[in-house]
Amino acid sequence: MLVEMIYASKVADPLRPGTVTDILHAARQFNARHGLTGLLVFDHQYFLQVIEGDRNQLKRLLPRLMADPRHTDFALIRFASIAQRQYAHWSMGFVAAHAVNRAVLLRHGVSDSFDPRSLTESAATALLRDLRESLAIEPLAKAA
Ligand SMILES: Cc1cc2nc3c(=O)[nH]c(=O)nc-3n(C[C@H](O)[C@H](O)[C@H](O)COP(=O)(O)O)c2cc1C
């Protein structure tokens, strides 16, 4: 069964330079091998991530993600079956929240400080889909 998982978390303090690049590199390799796709949004303080794929694969990844010391305050926003993938082109797309159009964030109720834990399930789902549109203009080099 195809499912989608969305969660928010807080970056562990202090965030070592290169940590986000390391996370993305490993995530892309693992996800590509296990049929997982998604999008990771990051600003200086928070992560918001959507991962979609086979339910069993996601259930296996979830405890490992939750135990990862590189982030804290893990808040599951959505875990639900879906009819089709929304992020099929990305083993893990990346968006730096501070670099995207502020209007996109404002439209979804995120004000100056990006705190994805305040998002409702439907707002987080809609925000991620909107941010997906910026992937083509977001160079991966900014992941550092
Ligand atoms: C914000 C964040 C996002 C992550 N996204 C993924 C991901 O999409 N896929 C993945 O396999 N690991 C991801 N990881 C890494 C996992 O948390 C974990 O390190 C990895 O599954 C290896 O687990 P293990 O150390 O138990 O073997 C992410 C970690 C963080 C902090």
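Numbering of residues begins at 1 and proceeds along the displayed sequence. Counting convention: from 1, in listed order, for ligands and their atoms alike. Everything numeric here is computed off the predicted structure, so don't read it as measured data.
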H71 N/O under 3.5 Å from ligand 1 N/O: no
Counting only heavy atoms, which portion of L65 has something under 4.0 Å from ligand 1: side chain, backbone, both, or neither? both
So the atoms of ligand 1 within less than 4.0 Å of a heavy atom of M92 turn out to be 8 (O)
Do the side chains of K10 and D115 get close enough for a salt bridge, i.e. N-O under 4.0 angstrom? no
Could you please spell out the steps behind the side-chain contact (heavy atoms from CB on, under 4.5 Å) verdict for D68 and F74? CA-CA 10 Å; D68 195 315; F74 188 100; over 6 Å; no
Nearest 0.5 Å please: distance from the CD1 atom of I6 over to the CD atom of E121. 7.0 Å
Nearest to atom 22 (C) of ligand 1, what protein heavy atom do you find, and at what distance? R64 NH2, 3.4 Å
Go through it in stages, so that I can follow the logic: the residues are V20 and F47, the test is side-chain contact (heavy atoms from CB on, under 4.5 Å), and I'd like the CA-CA distance, side-chain angles, deciding distance and then a yes or no. CA-CA 10 Å; V20 178; F47 292 113; 4.2 Å; yes
Hey, is atom 25 (O) of ligand 1 touched by any protein heavy atom at less than 4.0 Å? no
Using a strict 4.0 Å cut-off to heavy atoms of I51, name the atoms of ligand 1 that fall inside it. 8 (O)
Hey, is Q49 touching ligand 1 through its side chain, its backbone, both or neither, going by heavy atoms under 4.0 Å? side chain
Quick one: look up the protein heavy atom nearest atom 7 (C) of ligand 1 and list residue, atom name and how far away it is. A27 CB, 3.3 Å
Is the closest heavy-atom distance from Y7 to ligand 1 below 4.0 Å? yes
Option of least heavy-atom distance to atom 15 (C) of ligand 1 (set: L48, I23, D68, T72): D68
With a cut-off of 4.0 Å, which atoms of ligand 1 are near a heavy atom of R70? 15 (C), 19 (O)
Check whether the side chains of Y46 and R117 place a donor and an acceptor atom closer than 3.5 Å, and report yes or no. yes
Using side-chain contact (heavy atoms from CB on, under 4.5 Å), reason through L39 and Q49 one step at a time and then give a plain yes or no. CA-CA 6 Å; L39 170 61; Q49 188 176 28; over 6 Å; no
Ligand-residue contact atoms, ligand 1 with N31, heavy atoms, under 4.0 Å: 7 (C), 8 (O), 9 (N), 10 (C), 11 (O)
Is R55 positioned over the aromatic face of F79, cation under 6.0 angstrom from the ring centre and no more than 45 degrees off axis? no
Just which atoms of ligand 1 are under 4.0 Å from any heavy atom in F30? 11 (O)
If we ignore hydrogens and angles and just use 3.5 Å, is the side chain of R78 paired with the main-chain N or O of Y7 as donor and acceptor? no
State, without any angle test, whether T37 and R85 hold a side-chain donor-acceptor pair at a distance under 3.5 Å. yes
Going by the order shown, which atoms of ligand 1 are within less than 4.0 Å of some heavy atom of L61? 9 (N), 10 (C), 11 (O), 12 (N), 21 (O)
